[in-house]
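Accompanying notes for the structure given below.
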Amino acid sequence: MKVLFFFLCIVISLLPLSTQASIPNWFSQYEQTLSQSPQDTLETLVQQHRTMQPGLERIYLTTVAVKLAEQLSKPLLIHLEPHSPLTEVEQRLLHAIQASMQNKHQLSESKFKEVQNLINEKTHQELASLVLQHIVWDHIKKGNYHSITRHLDKMNALAEAIDKPIIDPKYRWNLSAIVANQHGYHNKALTLYKKILGTRPNPSRQAVTFNNIGLTLMDMGQYDNAITHFKNALELRTLANNQQKIALTQLNLGIAYRKNLAFEQASSLLLSAQRTFTKLNNNYGVANSNIQLAKLHLAYEEPSQALTLLIDTLNILDAEQHATLLFDTHLTLAKTHLQLQQYDWALKAATWSLQLIKKGNDITHQLSALGVIIQIHAKLNQFEQAYLFQEKYIALEKTHAKSQNQQALIAVQAELKMSKAELKTIRLEQKNLQQTHKIQQLQYNQYRLWLTIACITLIVIFVWRSRNKQRYLAEHDTLTGAFNRAAMYKALSKYAAPIESEYAHALILLDLDHFKKINDTYGHPAGDQTLIQCCHTIKKAITQPHFISRIGGEEFVVFIPHIKKTNILNIVESARQTLSSQPVTLADHTSITVTASFAYYATNGLEHTKFASIYSALDIGLYQAKKQGRNCAVEVVDINVS
C-alpha cells in the first residue's frame with residue numbers, strides 16, 4: 001500500500017509538467033530570455049511571428065508580444081492582413097489588449113466584445129478562453145468585480161476541456177488567485193500561487209507570484225510573512241533591473257511595513273518608490289505612493305502633510321483609468337479631514353469614496369468607507385444617521401464573514417436576466433400605457449395621492465429619526481461611542497458558532513492600568529479624554545471586523561468573529577503594543593502613556609452567547625495579568641460554560 005501511495009505521489013508531482021507538454025517552444029524560450037534581455041526577446045517574437053501561419057498559436061504569440069511591447073513602450077512591428085477570420089480576430093485582439101494596457105477601459109471593453117462576436121466557442125474553445133483571460137484582467141485593472149466571476153468560470157471551463165492546451169495555464173491560475181483573494185478566499189489564492197511555483201517558472205514569473213503571495217498574506221494580516229515574500233520578489237526584480245517592477249515591489253513592501261507598525265522602514269521604501277515612479281512618468285505609481293505616504297503621515301498625526309499629498313494625487317488621477325486609487329484617495333482624504341476636525345469635508349470625501357467603490361462590489365473597501373462615515377456622523381452628533389450606517393455596516397460585515405458575496409451576486413444576476421419574450425412583453429405594455437387616454441385623466445388624482453403619501457412619509461421619517469436617535473443612545477456608551485453591555489449581549493446573540501475547527505470567535509477583556517491615578521493626578525476630564533482616545537486606538541489597531549463595548553469604568557470587551565485561532569494572540573499583542581506606543585494628549589497638551597492588561601478567550605461553539613460565565617473567567621485572567629505586572633496579555637482556556 002505504501003509503495004502504491006509513493007507511486008501516486010510521483011505521478012501527481014509530474015502532472016504540472018505533463019500539462020505543459022504541448023506548450024510551444026517559442027514560449028519556453030520567451031520565459032527563459034525575458035528577464036535577461038526583454039528588448040531582444042521582443043525582436044525574437046516578432047521574427048517568429050513572420051514564420052507562422054494564421055491560427056491559435058500565432059494569436060497567442062501576438063498577445064504575449066503586444067503586452068511586452070507596451071511594457072517596453074515600443075511599437076509592435078508585426079504585419080497583419082485580414083485575409084482570414086482568425087487574422088481579423090488577431091488584429092482586433094491586439095488593439096483590445098493595447099487599449100487595456102493603456103488603461104483605456106471603455107475602449108478595451110468594446111474591442112473585446114468585438115473579438116468575442118467573431119469567435120465560435122464550440123470550434124475555438126482555447127482561443128475563447130484566451131480572450132476571456134484578457135477580459136478578466138481588464139476587469140481586475142478597473143476594479144470591476146460585478147461580472148468577473150462569470151467570465152472566470154467560463155474561462156476555466158473552456159480551458160480545462162482542452163486535452164492538449166498550447167496556452168500556459170500559469171497566467172489563468174494567477175487570475176483565478178487574484179479574484180479568489182479579492183472575494184476573501186485567501187487560502188484558495190495561496191493554493192493557486194503555490195501551484196504556479198510548483199511548475200518552476202522563470203524568475204520574472206516567480207517575482208510576480210512572490211509579490212501576489214505577499215499581497216494575499218497582507219490581506220490575511222500576516223505582515224511578517226508578507227514582508228518575507230515581498231523581499232524575495234524585490235531581490236529577483238533587482239537582479240532583472242526592471243525599475244518599474246522594483247518600484248512597485250518597494251511600494252508593496254512599504255505598505256506591509258506600515259501595517260506592521262515599522263514606520264521608518266515604510267517611509268524609506270515609499271519615498272524611494274515615489275521617486276522612481278516620478279522619473280518614469282508613471283502617474284499610477286506616483287499616486288499610489290502619495291496615498292501610502294499620506295497614510296503614514298496620519299499614523300504620525302501629521303494631517304496637514306497628508307492633505308498636501310492627497311490634493312496633489314487628485315490632480316493626476318483619471319476617473320476612468322484609476323477608479324480604485326480614486327477611492328483610496330478620497331477615503332484617506334476623509335480620514336485626514338477627520339483628524340483635522342473638518343467633519344463636513346470628511347463626510348463629503350467618505351461619501352464619495354463609498355459611491356466609487358460600490359461600482360466594483362469590493363465589500364472590504366465598502367466596510368472601510370462605512371466605518372469612516374459612521375465615525376464622522378457620531379462626531380457631528382448625527383446619531384440617527386450613524387445608527388443607519390452602522391446597521392448597513394453590520395449587515396454587510398455579516399454577509400462578508402459568511403462568504404456569501406459570490407452567491408449574492410449570482411442571485412442578483414439571475415434576477416436581472418430577462419428573456420427576449422419578457423422584454424417584448426414589457427415594451428408592448430409600455431406602448432399600451434403611453435397610448436391609453438385614461439392615464440391622462442387619472443393624473444390629477446394620482447398627484448393628490450402622491451402628495452398625501454409624501455406628507456405621511458415625512459411624518460414617518462420624523463418619528464423614525466427620533467426613534468433611531470433614542471435607539472443609538474440606548475445602545476452606545478455616550479462618552480466613547482462603544483457598545484454598552486446590553487447592546488453587546490444583543491450583538492453576540494446574532495453570531496452562529498464557527499464552521500471550521502481552526503476558526504473561533506475571540507472575546508477580549510481589557511482594563512486600563514492605573515486609571516484611578518490618572519483621574520487623581522490630572523482630573524476627571526483628563527480621565528474621560530483618556531477613555532475616548534484609548535477606545536479609538538484599540539478600534540484602529542484591530543483591522544479585522546470586530547466591535548468594542550464598554551462594560552465598566554475603564555473596562556472594555558472586544559469581540560472578533562470568525563478568526564483563525566492562531567492569529568488571535570498576534571492581534572491582541574498588536575492592540576496592546578499600539579495602545580502603549582501612542583501617548584494620550586490632554587487638553588493642556590500634556591502627553592501621558594497609557595497601558596492596559598488583556599485577557600482573551602477563543603470560543604469553540606456558542607459560548608459567546610453565554611457571556612456571563614466567560615466574563616467571570618476573563619476577569620480572573622485579567623487579575624492574573626495585573627498580578628504579572630500589567631501591560632500584558634493572558635489567554636483563558638477550559639472555561640466551564642453552564
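For clarity, every value in this text was computed on a predicted model and none was experimentally measured. If you read the sequence from its start, that first residue is 1, and numbering goes on from there.
Judged purely by distance below 3.5 Å, without hydrogens or angles, the side chains of T480 and D477 pair a donor atom with an acceptor atom. Side chains of D513 and S597: a donor on one and an acceptor on the other come within 3.5 Å. E555 and Y615 are linked by a side-chain donor-acceptor pair at a separation below 3.5 angstrom, with hydrogens and angles left out of the test. Side-chain contact of N381 with K469: a donor-acceptor pair under 3.5 Å is absent, judged by distance alone.
With hydrogens and angles ignored, the 3.5 Å screen pairs no side-chain donor or acceptor of S267 with any backbone N or O of E264. Checked by atom type and distance alone, the side chain of H476 pairs as donor or acceptor with a backbone atom of Y472 at under 3.5 Å. Of the possible donor and acceptor atoms, one in the side chain of H608 sits under 3.5 Å from a partner among the backbone N and O of Y495. Looking at R550, its side chain does come within 3.5 Å of a backbone N or O of G553 through a donor-acceptor pair. A donor-acceptor contact shorter than 3.5 Å links the side chain of K565 to the backbone of S501. Panel note: side chain N484, backbone S549; no donor-acceptor pair is recorded below 3.5 Å. Under the 3.5 Å distance criterion, the side-chain polar atoms of S574 are left unmatched by any main-chain donor or acceptor of N570. Counting only distance, with no hydrogens or angles, the side chain of Q533 and the backbone of P583 share a donor-acceptor pair below 3.5 Å.
Residues R465 and E384 are paired through a salt bridge, judged by an N-O separation under 4.0 Å between the basic side chain and the carboxylate. At a threshold of 4.0 Å, the pair E475-K490 counts as salt-bridged, since one of the basic side-chain nitrogens sits closer than that to a carboxylate oxygen. Using a 4.0 Å cut-off between charged side-chain N and carboxylate O, K610 and E607 make no salt bridge. Residues K295 and D328 are paired through a salt bridge, judged by an N-O separation under 4.0 Å between the basic side chain and the carboxylate. A salt bridge links R471 and E391; the closest N-O separation between the charged side-chain nitrogens and carboxylate oxygens is under 4.0 Å.
Ring-plane geometry between W352 and H330 is classed as perpendicular, the angle between the planes exceeding 60 degrees on a 0 to 90 degree scale with a lower cut at 30. Between H505 and H562, the angle of the ring planes goes over 60°, which puts this pair in the perpendicular group of the 30/60° scheme.
The residue from T191, N181, D219 that alone fulfils the side chain to side chain donor-acceptor pair (under 3.5 Å) condition with H186 is N181. Residue H151 is tested with V179, V136, N156 for a side chain to side chain contact (heavy atoms under 4.5 Å, CB included); the sole match is V136.
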Verify side chain to side chain donor-acceptor pair (under 3.5 Å) between Y623 and Q628, making sure each step is shown before the conclusion. CA-CA 9 Å; Y623 174 76; Q628 291 175 14; over 6 Å; no
Can K195 and N174 be said to form a side chain to side chain donor-acceptor pair (under 3.5 Å), step by step? CA-CA 10 Å; K195 191 176 180 181; N174 186 61; over 6 Å; no
Before you tell me yes or no, could you show the steps for I542 and Q544 under side-chain contact (heavy atoms from CB on, under 4.5 Å), namely the whole-Å CA-CA distance, both residues' side-chain angles and the distance that decides it to 0.1 Å? CA-CA 6 Å; I542 301 175; Q544 288 75 10; 4.0 Å; yes
Passes side chain to side chain donor-acceptor pair (under 3.5 Å), H524 versus Q529? Steps please. CA-CA 9 Å; H524 287 280; Q529 180 63 32; over 6 Å; no
side-chain contact (heavy atoms from CB on, under 4.5 Å) between N225 and M218: does it pass, once the steps are laid out? CA-CA 8 Å; N225 287 340; M218 195 157 57; over 6 Å; no
side-chain contact (heavy atoms from CB on, under 4.5 Å), that's the test. Do L531 and L512 meet it? Break it down for me. CA-CA 9 Å; L531 289 172; L512 300 185; 3.7 Å; yes
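A 4.5 Å side-chain heavy-atom check between I178 and L215 finds every atom pair outside the cut-off. Considering only heavy atoms from C-beta on, D224 stays 4.5 Å or farther from T228 through its side chain.
Aromatic ring centroids of F389 and H377 lie under 6.0 Å apart.
For the pair R485 and F611, the cation-pi test (distance below 6.0 Å, angle within 45°) is failed.
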